[in-house]
Amino acid sequence: MKQTLARALVEIDLGALQRNGAAVARRAGVPLLPMIKADAYGLGAKGALRALDVLEPWGYGVATVIEGEELRHLGVSRPIVIFTPLLEAELLRARTARLTPALGFPREIEAWLRSGGGAWHLSIDTGMSRAGIPWREIDQIAQLTALAPPEGAFTHFHSAELNDGTLGRQEALFRDAISRLPSRPRLLHADNSAAIARKGRSAWDLVRPGIFLYGVGSGSTADLQPEPVVHLRAPIVEIRNLEAGDTVSYDATLRVERAARIATLAIGYADGYPRSLSQVGSVLVGGTIAPIAGTVTMDMTMIDVTTVKCEVGDPVTLIGRSGDTVLTVERVADDASMSPYELLTGLRSRVEKTYTGP
Ligand SMILES: *Cc1c(COP(=O)(O)O)cnc(C)c1O
């Protein structure tokens, strides 16, 4: 099965995305609030909606008003929660698109009420120090929540993928803060992907999975493993033979010690393939691993195929499955010294997206 690619291409397996969503929902035992911020972690919100909406999620989570408006344009009628604090100037637009803001400080809640109000979720900071009312200051807003009760309340874990006890401590702080409100908001939520994988059945009313849906697990010891969703491929566009002493790419960081065969791929860091993979990353040619040779350049990347059978036009897999072998997002991100989140959201629009599945 040989496909011809013009340039780098990312295949997004919506069937796998859907099965990952179903697996998370089964494990958590409560409705989903899937995070499809940043255009579904760079994979395309439209495709993600197609895969996830049949799972009947409670709603969707985004980061900005524009992302929320885009979901409305795509026909989403479910609740859409914006998880990044909004400035007052954005509230009217949020309200017009029937978006649900996450609010924490009294000033934010008052501004929302002034702009006409509507459903909102109370954001409680239990250790991220990023957004939301610090749990110790919850009494400051108790009165306001009596006046305009939030539909939901949530917190966010900073280290759910570690088994270091902080998750339990953050949950206890969250519980304590909730108990100091005049009434319990109807929808409490806290679990991200790693928390769901770690804990199993959720103690809360909704769960907020993100990265797991897109095929990234939280380590080989986690009980729940996702199916790969992302397959990044690029064609070999040239092959050359080098002699001992020849150099490869900028700064000649690679000087071959013996005769070698080097293939050039039509993908580079302007496509979002990380430059930090220079000399340390690897790719799959057929089912065979081939190392990256020299520095990754803006538009092209060289690989060493001295011992690998291949020819110009062959598709090479940079992330995902080739034959029976999978180069996981986690593995590539680790080689690149970056987080899997950063790798996925870094894939650029020059990489054509194709979708398979439901
Ligand atoms: C992004 C995000 C999530 C999802 O986290 P994952 O680690 O991708 O599962 C959950 N909650 C909030 C508030 C987020 O910003």
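Atoms within each ligand, like the ligands themselves, are counted from 1 in listed order. This is a predicted model, so every value here is computed, not measured. For the numbers below, each heavy atom of this structure counts, side chains included, while hydrogens, waters and symmetry mates do not.
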Open item on the list: Between R186 and E151, does any NZ, NE, NH1 or NH2 come within less than 4.0 Å of an OD or OE carboxylate oxygen?
Closed with: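 Salt bridge between E151 and R186, a charged N being under 4.0 Å from a carboxylate O: yes.
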Task: NZ/NE/NH1/NH2 to OD/OE distance under 4.0 Å, D191 and R198 - done: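 R198 and D191: not salt-bridged.
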- [ ] Please confirm whether H121 and W58 have ring centers closer than 6.0 angstrom.
- [x] yes
Need the list: ligand 1 N/O atoms against protein N/O atoms, distance under 3.5 Å, rounded to one decimal.
| from | atom 1 | to | atom 2 | distance (Å) |
| --- | --- | --- | --- | --- |
| ligand 1 | 7 (O) | Y341 | OH | 2.6 |
| ligand 1 | 8 (O) | Y41 | OH | 2.6 |
| ligand 1 | 8 (O) | I211 | N | 2.8 |
| ligand 1 | 9 (O) | S193 | N | 2.8 |
| ligand 1 | 9 (O) | S193 | OG | 2.5 |
| ligand 1 | 9 (O) | G210 | N | 2.9 |
| ligand 1 | 11 (N) | H156 | ND1 | 3.3 |
| ligand 1 | 11 (N) | R208 | NE | 2.8 |
| ligand 1 | 11 (N) | R208 | NH2 | 3.3 |
| ligand 1 | 15 (O) | K37 | NZ | 2.7 |

- [ ] Identify which one of T288, L284, V283 satisfies the side-chain contact (heavy atoms from CB on, under 4.5 Å) criterion when paired with V308.
- [x]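 For V308, the side-chain contact (heavy atoms from CB on, under 4.5 Å) check succeeds only for T288.
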Open item on the list: Using the ring-ring contact (aromatic ring centres under 6.0 Å, His included) criterion, which residues pair with F83? Sequence neighbours excluded.
Closed with: F154
- [ ] Rounded to the nearest 0.5 Å, what's the gap from CG on L265 to CG on D299? Could you check?
- [x] 12.5 Å
